[in-house]
Structures are given as structure tokens and as C-alpha cells.
Peer 1: 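My structure is below; once you've seen it, I'll send some questions.
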Amino acid sequence: MTYAVALPERGSFEAWRAAARCAIGHGIAPQRIDWAGDTGLFAAQPLPDYDGPPPRVPAGFPALARSVSWHAAPQRFALLYQALWRLHRGDGDPLSHADPLGRRLQLMAKAVGRDIHKMHAFLRFRELPVPGPRRSFAAWFEPAHDTLEPASPFFARRFADMDWLIVTPRLSARFRDGALVFGPGGDRPDLPEDAAEPLWATYFANIFNPARIKLAAMRSEMPRKYWKNLPETRLIPQMLAGAEARVQRMHAAGAAAPRPGAAPVLARYRAAMPQAPDCPQTLDEARAAALQCRRCGLCEAATQTVWGEGPADASLMIVGEQPGDHEDLAGRPFVGPAGRLLRQVMAEAGLDPGRAWLTNAVKHFKFAPRGKRRLHRNPDATEIRHCRWWLGLELALVRPRVTLALGASAALALTGDDSPLAARRGRVETGLHGGPVLPSWHPAYVLRMPDPDQAAQARAQLAADLAAALRLTALEQTRPADVAPAARAQTPAPPHL
């Protein structure tokens, strides 16, 4: 028996999903369903009722199916039901790019996404002379697929303070007094010219850069089918025709010599800028010099240099990896979540956080932007090596008896050894500066552990290493080779880390 399913123009995905659940529940094969609603056969019947549980599908299938349902291909719902049938029967992976059906569906969803993006980018509203407390606008657009429905919420959020109408050949969307409703489409309406279009055309013409023309890329991002609805595209042929002459004028203008007297002004400006000493003699001088550090590219994106802090004669120096987001904004080390955990564990181990010198192997925050967040990225060996000069300067000026290295990056900076930290933790090593170095876990490593038991064990090990470092500072203080206070006041050259 053949079954016919007629889907509405609006809300077609929800209707297809209900029908597909019913068909799967009755075990109806894909070839027995006509999703166009008219088989031309007298034997075609509507689907029988079904009130059983829905089929189980992968988490990504509903979103993919919704996107494909907006595609213009007439067979889109038949293809989706084929995928659902195979998922239900465990017949391969019809969502994979390696599967012909999955590849086809993925490409259809991608085409729908591009079409939504084009509507957001190339739709132009024109104001209507309608009296009322809210301004009214209208626009005409010809999408390649049925994408007005998924694209409209963007305009509702962005233009919530005005009423607007978007008309396409198949569907229309009207936003009035904060309510979005859909209706039938139609022909292109007679829209008035917008008074702001000449101003926009002037701006567009002035920002046009003739030296960066790539016609193929321009047509790829802004196909010619959209040009007739964009006011600025009327200027493109004229601007392209004069592009070569404008480039020549730009080259000629760029070859002009600086005005007389510019060189002395530039020299005075550079002389007025603060100059860091080549070899700072105090911690204050070292901090001021580090604020102007340009040894690697991390300074370009970071907010500021994060220098160490603590007593100048601290017996224990604690070295982390690099500043985090909180440290980068505050300009102080260990003030974020990892720093708060470190100070708690230090107090538990009987170590006053105010008696240790806290710093990092790298002085600038390295991150990758993700929306409004800045995600931590580990510094590489080159960046650690460039910043090692500043760490050596801190060691030379503070002269701690023991240095605690938190994490693999700090251990690498202090010892030059990049072997795994698990086998080294809690064992005293000799640093490149000649002093004892005790590697341990970084508190951020403890915070990232998903297993609570493992996190508790790592925290206990960090507390044990802090206690061991405290005992080791007392042991180092009693040795005959201890540095006298007068000698500690002298500033040696930075050790070669």
C-alpha cells in the first residue's frame, strides 16, 4: 500500500516530524510514502494513527533535519525519512559525510545556512510613510531556499523598536508591536526610495579600496542576483572602471616626502618616552622595565605585563606558568581561581602567602578569543625561552633559597627539562640558576580534574610539596654556604637561565 502525506507551507518541519514518527512506528518503508501528498494512484492512503513512543535518534539529527526542511529541493522530506529509517534500523551512519545520503543532507543544510546569512547581509529595509508611534519599514528579498522563517528572528531582535515587513515570493514576515507573524508571499511591492540611501552611497564610495579588488571573491560573497536590491551596488561598475586610476593616484600620494621639521619632532617624542635600563638594579626598576617588554609577540594581545610580587628578601619563590585572564586584567599574579586555591593550600601547609615571592615563568597572558571569553593557551618553548631573562632577573634580585615550580612550563623554564611532570613531582632538582627547584602540580591542574577523588589527591600532593618547600628553606638557611644579609643586598647579574 502507498501512503500520501501533504505538508503545510508553514510549520512543515513539525508536520513532517509527526508524520515520520507515525510512519516509523508502523514500519512503513521509505519507498511506500509520497511526501508530496499526491501519488496519482487510487491506492494512496493517509498515514494511520500512532500514539507510541518516538524513535531514538542521534542528538544532531533534529537540528540537521530542521535545516534541510528549509531547502528548496522537492525531495528533501523523502531524503530525511530515508535517513530516519536507516537510523531506526541501524543501517550504517546516514549522517556521516562519508555516506552518500549523509553527504547530501550535510550539503543541503550548509546551503540553507549560507542562504540565511545572505538574507541577514543583503536585505535592505526602506521606510514607509505610515503615521504612528513606531516607524515602519518594508523589504523585498528573493532567497534561494525557504529561509525567511528561520532568518526572521534575527531581524526581530535587531529591530525590535520598529514595525517591519519582509516579502518573499513564497512567504512574508510581519513584525508589529513586538509580535512576529507569517503570511503568504507575493510579488515585489512598490517600495519608496529611502532618504538615507544617498548618504550610505557616499560612505560606501569613500571606503571603497581599489587596490584590494578581487572580482571573483566579491561575486562569491555577494552574488549578482542580490545587486538589484542593494543601493550601493549601482556604484560598483563606475568604481571598478576608475579603480586603476585611483590606485595610481594612491601610489603617487604615498611617495610624498615628510614635511620639514618632522625628524626633530619625532626625535623629541622618542626621547620623552620612558627608557628602561639595560640591567635593572632593583625590583622596582625590573618591574618598570618589564612593563615595556617586547621580547616576543605575547605583549601585543595581552593587557599588561604581570610582574611578580612579595617581599624582596623572600626565602621561597613560587613560579607558575603564565598569568590568566584575571591576572592579566588586575596586573597581579595568582589572583584568579587557581591563585585562590594556591593561597588556601599554602595556608593549610603552614606557609604565609605574604612571605613568598609569587611570579610566573611567562609574564604575558596567552589566550585564544572565543566570543566574549579568552581561553587559556599554553606558552610554547620559544616564548618560555624569551621570558626566561626576566625570571632570571627576579631570581638574581630576590635570591630565594628554594624555588617551587608549579606545572611543566615553570619546571621547563627553571631547569631546562621538559620531561613529564608526574615522575618529577616532589623531587628536588637543581635549577639552571644553581639553586634547588621543587616541581609540583599547578593549582589550575587540580581545578581541571573531572574526577573528585583524583582532584583531592592532587591537592594533597600540592599541599605536601608546599610543606616540603617550607622545610627545605629552613634547611637551606642552616647551611654554611648561606648568603649573608649584606651580600644579599648586592645585586648580581641575572643568572643564565
Peer 1: Taking side chain as C-beta onward, heavy atoms only, is Leu123 less than 4.5 Å from Phe155?
Peer 2: yes
Peer 1: Can you give the donor-acceptor pairs under 3.5 Å from side chains of residues 442-452 to other protein atoms, not counting sequence neighbours?
Peer 2:
{"from": "His442", "atom 1": "ND1", "to": "Ala444", "atom 2": "N", "distance (Å)": "3.0"}
{"from": "Asp451", "atom 1": "OD1", "to": "Asp453", "atom 2": "N", "distance (Å)": "2.8"}
{"from": "Asp451", "atom 1": "OD1", "to": "Gln454", "atom 2": "N", "distance (Å)": "3.1"}

Peer 1: So, Glu383 and Arg377, do they make that salt bridge, N to O below 4.0 Å?
Peer 2: no
Peer 1: For this output row, return yes or no: ring centroids of Phe137 and Phe159 closer than 6.0 angstrom.
Peer 2: no
Peer 1: Examine the side chains of Arg401 and Thr473 and answer whether a donor and an acceptor come within less than 3.5 Å of each other.
Peer 2: no
Peer 1: Compare every heavy atom of Arg124 with every heavy atom of Ala139, then report the nearest pair and how far apart it is.
Peer 2: CB-O, 3.3 Å
Peer 1: Residues two or more places apart in sequence or in another chain: which of them pass salt bridge (Lys or Arg N to Asp or Glu O under 4.0 Å) with Glu149?
Peer 2: none
Peer 1: To the closest 0.5 Å, what do you measure between CD (Glu429) and CG (Asp417)?
Peer 2: 6.0 Å
Peer 1: Can you tell me how far OG of Ser69 sits from NE2 of His145, rounded to the nearest 0.5 angstrom?
Peer 2: 12.0 Å
Peer 1: Under the side chain to side chain donor-acceptor pair (under 3.5 Å) definition, can you give me all pairs with a residue in residues 335-348, not counting sequence neighbours?
Peer 2: Glu348-Arg459
Peer 1: Is a donor on one side and an acceptor on the other found under 3.5 Å between the side chain of Gln106 and the backbone of Gly102?
Peer 2: no
Peer 1: Should we say atom CZ of Arg86 is surrounded by more than 12 heavy atoms from elsewhere, each under 6.0 Å from it?
Peer 2: yes
Peer 1: Should we say atom CZ of Arg355 is surrounded by more than 12 heavy atoms from elsewhere, each under 6.0 Å from it?
Peer 2: no
Peer 1: Side chains of Phe334 and Pro353, heavy atoms from C-beta outward: is any pair under 4.5 Å?
Peer 2: no
Peer 1: If we ignore hydrogens and angles and just use 3.5 Å, is the side chain of Glu327 paired with the main-chain N or O of Pro333 as donor and acceptor?
Peer 2: no
Peer 1: Tell me whether Asp163 contacts the main-chain N or O of Asp177 through its side chain, where contact means a donor paired with an acceptor under 3.5 Å.
Peer 2: yes
Peer 1: Would a 4.5 Å heavy-atom cut-off, applied to side chains only, mark Leu391 and Glu394 as touching?
Peer 2: yes
Peer 1: How far does CZ of Arg399 sit from NE2 of His433, to the nearest 0.5 angstrom?
Peer 2: 10.5 Å
Peer 1: Side-chain contact, heavy-atom cut-off 4.5 Å: Trp357 with Leu397?
Peer 2: no
Peer 1: Please round to the nearest 0.5 Å and tell me the distance separating atom OG1 of Thr303 and atom CG of Asp325.
Peer 2: 8.0 Å
Peer 1: Has the side chain of Gln281 got a donor or acceptor atom that lies under 3.5 Å from a matching backbone atom of Cys279?
Peer 2: yes
Peer 1: Which distance, rounded to the nearest 0.5 Å, do you find between the CG of Leu438 and the CZ of Arg427?
Peer 2: 11.5 Å
Peer 1: Calculate, to the nearest 0.5 Å, the distance between atoms CG and CG belonging to Leu101 and Leu95 respectively.
Peer 2: 8.0 Å
Peer 1: Is there a donor-acceptor pair under 3.5 Å between the side chain of Thr305 and the backbone N or O of Ala290?
Peer 2: yes
Peer 1: Under the 3.5 angstrom rule, does the side chain of His120 hit a backbone N or O of Ala151 as a donor-acceptor pair?
Peer 2: yes
